[in-house]
Amino acid sequence: MSSSQDATDPPQVTPDQAALRGEHWWPVVLAVAVVATLHVTLPARYRVDPSWVLPAATGSLLAALIIGDPGRIDRQKAWLRVVTQLLIGFITMANMFAGGHLVADILTDNSLFANNATGLLATGGVVWVTNVVAFALWYWSLDRGGAAARAHRPYEKTAFVFPEMQYTDFAPAVWVPRFADYLSLAFWTATAFSPTDVSAIRRWAKLLMMAQAALSLAVATLVIARAINILQ
């Protein structure tokens, strides 16, 4: 192997290094706990009933993931990937249920929030925040094969280019994105309705960002417009 190839090959990661590179679970657990709690606060029409289903399901799935991959996230097992996708999918479907009913009620001039702009904004806020967290979890789970894969192969199958990857003078050479970075990406996609400092370089990533921006735009526009109409 030539010296030029040696210079460009990504560094090898040993099992011990992978264990140290792996992310902690607590940011993901905290994010899931927040959205599960917010979902319970929604009016009965917009939440999954009975109200304990979402917290119980997400809590059970998280417990299974932590038991199957204790400590830092670094175990690459197919069933862990499946459980992770089930967890994120459950949160996404519950929020789609809430958001769909909210949009339908606004478009059909439902009287539920006829004189309650604060309640409408609060409900819309819960849907919007959950949308941000759900897409952050999707980005986190899919980029480079997921958190466990990033611990072992941090430079393969990159879908998002973060500024830390370009401006290496201001970040460690071995910098790898973590959940907070994907949460930031999801937040700015939902507020700016476009890529900001992070570039999507795979088609699925571009389409996922487009879907998030479209959903955020629809919810925010309809809720704010309806709230202004109520206040007037």
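All values reported here derive from a predicted model rather than from experimental measurement. Both backbone and side-chain heavy atoms feed into the values below; hydrogens, waters and symmetry mates do not.
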Within-4.5 Å side-chain heavy-atom neighbours: Ile106 and Leu120
yes
Partners meeting side-chain hydrogen bond (donor to acceptor under 3.5 Å, both in side chains) with Arg47 (sequence neighbours left out)
Asp49
Taken to the nearest 0.5 Å, the spacing of Leu185 CG from Asp197 CG works out to 8.5 Å
Which pair of non-hydrogen atoms, one from Val223 and one from Gly124, has the smallest distance, and what is that distance?
CG2-CA, 4.0 Å
Closest heavy-atom contact between Arg150 and Trp140?
NH1-O, 2.9 Å
Would you list the pairs meeting side chain to side chain donor-acceptor pair (under 3.5 Å) in which at least one residue belongs to residues 157-174, sequence neighbours left out?
none
Kindly state each residue pair satisfying side chain to side chain donor-acceptor pair (under 3.5 Å) with at least one member in residues 80-94, sequence neighbours excluded.
Gln85-Ser141, Thr92-Trp138
What are the two closest non-hydrogen atoms of Ala94 and Val48, and how far apart are they?
CB-CG2, 3.9 Å
Asp143 and Ala159: which non-hydrogen atoms are nearest, and at how many Å?
OD1-N, 2.8 Å
Return a table of donor-acceptor pairs under 3.5 angstrom between the side chains of residues 203-215 and protein atoms on other chains or two or more places apart.
unit_1: Gln212; atom_1: OE1; unit_2: Tyr139; atom_2: OH; d: 2.7
unit_1: Gln212; atom_1: NE2; unit_2: Ala186; atom_2: O; d: 2.6

Has the side chain of Thr58 got a donor or acceptor atom that lies under 3.5 Å from a matching backbone atom of Pro55?
yes
Could you grab the distance from atom NE2 of His39 to atom OH of Tyr46, nearest 0.5 Å is fine?
12.5 Å
Min side-chain heavy-atom separation Phe179-Leu30 under 4.5 Å
no
By side-chain contact (heavy atoms from CB on, under 4.5 Å), which residues pair with Val103, not counting sequence neighbours?
Leu107, Leu222
Using the test side-chain hydrogen bond (donor to acceptor under 3.5 Å, both in side chains), find all partners of Asn95 that sit at least two apart in sequence or belong to another chain.
none
Run through the side-chain heavy atoms of Ile, Leu, Val, Met, Phe, Trp and Tyr, join any pair under 4.5 Å, and report what else lands in Val40's cluster.
none
Separation between CD of Gln76 and CG of Asp74, rounded to the nearest 0.5 Å
8.5 Å
To the nearest 0.5 Å, what is the distance between CE on Met165 and CG on Asp181?
10.5 Å
Answer yes or no: is there a side-chain heavy-atom contact under 4.5 Å between Arg72 and Glu23?
no
Test: side chain to side chain donor-acceptor pair (under 3.5 Å). Region: residues 125-135. Which pairs qualify, not counting sequence neighbours?
Asn131-Ser216
Sub-3.5 Å donor-acceptor pair from the side chain of His101 to the main-chain atoms of Phe97, do we have one?
yes
Does Pro43 reach the side chain of Thr123, with side-chain heavy atoms less than 4.5 Å apart?
yes
Scan residues 52-92 for pairs that pass ring-ring contact (aromatic ring centres under 6.0 Å, His included), counting only residues two or more places apart or in two chains.
none
Looking at Ser184 and Ala180, would you say the former's side chain and the latter's main chain have a donor-acceptor pair under 3.5 Å?
no
Do Leu137 and Val32 have side chains that approach each other closer than 4.5 Å (heavy atoms only, starting at C-beta)?
yes
side-chain contact (heavy atoms from CB on, under 4.5 Å) partners for Leu80, two or more places apart:
Leu65, Asp69, Arg75, Lys77
Can you name the side-chain contact (heavy atoms from CB on, under 4.5 Å) partners of Leu38, sequence neighbours left out?
Val34, Val126, Val129
Other than Ile67, what residues sit in its cluster of Ile, Leu, Val, Met, Phe, Trp and Tyr side chains whose heavy atoms are under 4.5 Å apart, directly or through others?
none
